[in-house]
Amino acid sequence: MATRIDCEVIVIGGGMVGATLTAALARSGMEVALIDRAPPPPAFDAEHYGLRVSALNRASEYLLDNLGIWSELLARRVSPFRRMEVWDALSDGYICFDSADIGEPHLGHIVENDLLTRVLHSHLAHITTVTLRYHSEPVRFHVHAGIAALELADGELIRGGMLVGADGARSWVRQAAGIRERAASYAQCAIVAEVRSEQPHRQTARQRFLGTGPLAFLPLANGNCSIVWSCDEPLAEELPGLDPAVFAQRLGEAFGWRLGAVAPAGPVRAFPLARAHAESYVADRCVLVGDAAHTVHPLAGQGVNLGLADAAALAQVVAEARGTGRDPGSPRVLRSYERWRKGENLLMLGALDGMQKLFARREPWLCWLRGAGLRITDHNPLLKRQLASRAMGLSGDLPTLARPASRPAA
Ligand SMILES: Cc1cc2nc3c(=O)[nH]c(=O)nc-3n(C[C@H](O)[C@H](O)[C@H](O)COP(=O)(O)OP(=O)(O)OC[C@H]3O[C@@H](n4cnc5c(N)ncnc54)[C@H](O)[C@@H]3O)c2cc1C
């Protein structure tokens with residue numbers, strides 16, 4: 001006979017965003033069922049770095065700290081970056097952000113996606129109000145009499161006050177709820193690999209804008225760097241199959257030998273890049289967070305940071321509604337989350353799209369102009385501080401959980 005779970009919130013997708021949201025909801029005592037079609041995250045591998053890493057900003061760090069996750073990550077392996085250098089291959093444009101200039105200990109941390117997910121799931125496994133289901137997929141969703149009902153492929157039924165889609169860019173929930181999205185391919189892939197470099201990274205994240213797309217070197221705790229090399233599809237198809245020595249030569253040239261000679265320290269993989277934004281974040285008893293709601297170009301390392309801010313905001317509006325006796329899954333409450341996050345996300349989506357387009361242009365006058373723009377900004381401490389503050393997630397309308405524990409909500 002099919003089993004049945006009754007809970008307050010059903011979350012589909014236990015990636016970094018869905019697992020963080022579940023932890024944030026459980027922190028307010030809510031009963032949550034988290035469903036993922038993948039197996040439990042892999043065990044921590046102390047020898048090898050995971051291929052996929054994310055640059056987490058300060059707001060994400062505060063959020064994870066407030067959830068009791070950050071100390072677990074620190075105890076294993078994260079890498080702070082204190083400086084960020086960005087320069088343009090087609091002009092003399094250069095800008096550098098230094099945490100010391102803005103009175104912060106660091107600008108952010110490079111964290112392995114698998115490690116963060118692992119730590120989150122280990123944390124959730126100890127919370128009695130959380131039900132975890134792996135290897136599990138939804139097949140049907142409907143709403144009846146104010147109840148969100150979900151049927152899983154194995155026949156299990158789950159009922160809750162709302163369904164959250166945290167199931168990534170190809171969200172099943174988004175489709176099941178009939179929410180449309182505006183999407184476009186960049187006709188680019190990101191080449192991702194761990195690389196050794198001749199010169200030390202000095203805890204600096206670096207990005208060079210090439211005519212074919214940005215190439216980032218993110219500093220890792222083992223002294224290597226994780227690269228994210230966004231390039232047009234024909235080049236992206238070629239690079240992963242190259243002999244390691246040839247790849248190293250091409251990579252070194254593309255990076256202007258900024259860290260001397262480089263060599264891959266593991267596999268080289270390509271990930272397709274697209275931009276997308278859901279037309280609505282909300283449907284009847286249903287709400288989207290993270291990549292299910294928006295996908296951005298990785299050029300500023302903002303994707304998961306936006307998703308974690310969604311998670312913190314949704315957990316806050318839901319907990320506030322519940323605490324004051326209102327129905328947390330009502331359209332009014334879910335719309336307040338949408339109003340809060342959609343504006344913030346749109347701003348970032350527009351800025352990243354604009355940057356991607358601007359740096360893809362090769363007309364000499366435009367190259368000169370953006371070079372001049374970067375240099376002028378580099379010499380304007382006030383403007384730099386504002387830009388850094390936005391990228392670090394320290395400005396804008398921040399959820400309480402994404403602020404330092406000692407700093408109360410405005
Ligand atoms: C090359 C690259 C580099 C990036 N670097 C950065 C960076 O430095 N900083 C940054 O902030 N962002 C970065 N991003 C973006 C970031 O990786 C994404 O924004 C983030 O992974 C989205 O997390 P998510 O939890 O929303 O979705 P996902 O990571 O896609 O997780 C979705 C989860 O849902 C599960 N799932 C999916 N469908 C179903 C289903 N039907 N049923 C059950 N479960 C399902 C999946 O198994 C998965 O666990 C980068 C992206 C790329 C491509």
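First listed ligand is number 1; within each ligand, the first listed atom is number 1. Nothing fancy with the numbering, it's 1 onward along the sequence.
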Give a yes or no answer on whether the side chain of W340 reaches the backbone of D397 with a donor-acceptor pair at less than 3.5 Å. yes
Is ligand 1 under 4.0 Å from a heavy atom in the side chain of S136, in the backbone, in both, or in neither? backbone
Kindly compute the distance separating CG (L220) from SG (C225), expressed to the nearest 0.5 Å. 6.5 Å
Looking only at non-hydrogen atoms, the one of G393, G15, G301, S226 nearest atom 33 (C) of ligand 1 is G15
For the ring pair W229 and F217, is the centre-to-centre distance below 6.0 Å? no
If the threshold is 4.0 Å, N to carboxylate O, is there a salt bridge linking D327 and R285? yes
Do P298 and ligand 1 have an N or O pair less than 3.5 Å apart? no
Show your working on salt bridge (Lys or Arg N to Asp or Glu O under 4.0 Å) between R385 and E104 and close with a plain yes or no. CA-CA 11 Å; R385 182 179 277 270; E104 294 285 342; over 6 Å; no
Which residue and heavy atom of the protein sit nearest atom 30 (O) of ligand 1, plus the separation: G168 CA, 3.5 Å
Taken to the nearest 0.5 Å, the spacing of L116 CG from I69 CD1 works out to 8.0 Å
Pick, from E137, M16, R170, R37, the option with the minimum heavy-atom distance to atom 45 (C) of ligand 1. R37
Counting from 1 in the order shown, the ligand 1 atoms closer than 4.0 Å to a non-hydrogen atom of Q302 are 10 (C), 11 (O)
So which heavy atom in the protein is nearest atom 42 (N) of ligand 1, and how far is it from that ligand atom? P138 CD, 3.3 Å
So, for atom 14 (N) of ligand 1, does the protein have a heavy atom nearer than 4.0 Å? no
among protein heavy atoms, the one nearest atom 37 (C) of ligand 1 is D167 O, 3.3 Å
Are R37 and W172 in a cation-pi contact, defined as NZ or CZ under 6.0 Å from the six-membered ring centre and within 45° of the axis? no
Counting heavy atoms only, which of L288, T295, V304, N113 comes nearest to atom 11 (O) of ligand 1? V304
Sub-4.5 Å side-chain heavy-atom contact between S280 and E338: yes
Nearest atoms (heavy-atom pairs only) where Q207 meets P214: CD-CB, 3.7 Å
Option with minimal heavy-atom separation from atom 26 (O) of ligand 1, where the choices are D291, V296, L51, I191: D291
Do protein heavy atoms approach atom 24 (P) of ligand 1 to less than 4.0 Å? yes
Relative to the heavy atoms of A166, which atoms of ligand 1 are at a distance of less than 4.0 Å? 32 (C), 33 (C), 34 (O)
R82, R83, M84 screened by side chain to side chain contact (heavy atoms under 4.5 Å, CB included) with T204, the one that passes: R83
Counting from 1, what ligand 1 atoms have a heavy atom of R52 closer than 4.0 Å? 2 (C), 17 (O), 50 (C), 51 (C), 52 (C), 53 (C)
For ligand 1, which atoms, with element, lie under 4.0 Å from some heavy atom of G303? 10 (C), 11 (O), 12 (N), 15 (C), 19 (O)
Should one rank T20, D36, T117 by closest heavy-atom distance to atom 48 (C) of ligand 1, which comes out on top? D36
Identify the protein heavy atom lying closest to atom 34 (O) of ligand 1, giving its residue, its atom name and the separation to 0.1 Å. G13 CA, 3.2 Å
N305 heavy atoms, cut-off 4.0 Å: which ligand 1 atoms fall inside? 11 (O)
re atom 5 (N) of ligand 1, the protein heavy-atom contact at minimum distance is V53 O, 4.0 Å
Looking only at heavy atoms, is any part of A169 under 4.0 Å from ligand 1, and if so is it the side chain, the backbone, or both, or is it neither? neither
List every atom of ligand 1 that sits less than 4.0 Å from any heavy atom of G290, numbering the atoms from 1 in the order shown and giving each element. 26 (O)
Short list, please: which atoms of ligand 1 are under 4.0 Å from a heavy atom of W172? 41 (N)
On the ring face of F209, is R370 found with NZ or CZ under 6.0 Å from the centre and within 45° of the axis? no
In sequence, state the C-alpha distance, the side-chain angles, and the governing distance for E112 and R76, and then conclude on salt bridge (Lys or Arg N to Asp or Glu O under 4.0 Å). CA-CA 11 Å; E112 291 151 86; R76 290 190 172 75; over 6 Å; no
Please work out, at 4.0 Å between heavy atoms, whether the side chain, the backbone, both, or neither of I12 comes within that distance of ligand 1. side chain
A190 heavy atoms, cut-off 4.0 Å: which ligand 1 atoms fall inside? 1 (C)
Below 4.0 Å from any atom of ligand 1, is there a heavy atom belonging to G307? no
Shortest non-hydrogen contact from C367 toward R361: SG-O, 4.0 Å
So, is the end of the R118 side chain (NZ or CZ) under 6.0 Å from the ring centre of F44 and within 45° of the ring's axis? no
How about S171 and D167: does a side-chain donor come under 3.5 Å of a side-chain acceptor? yes
Location of contacts on A55 toward ligand 1, heavy atoms closer than 4.0 Å: both
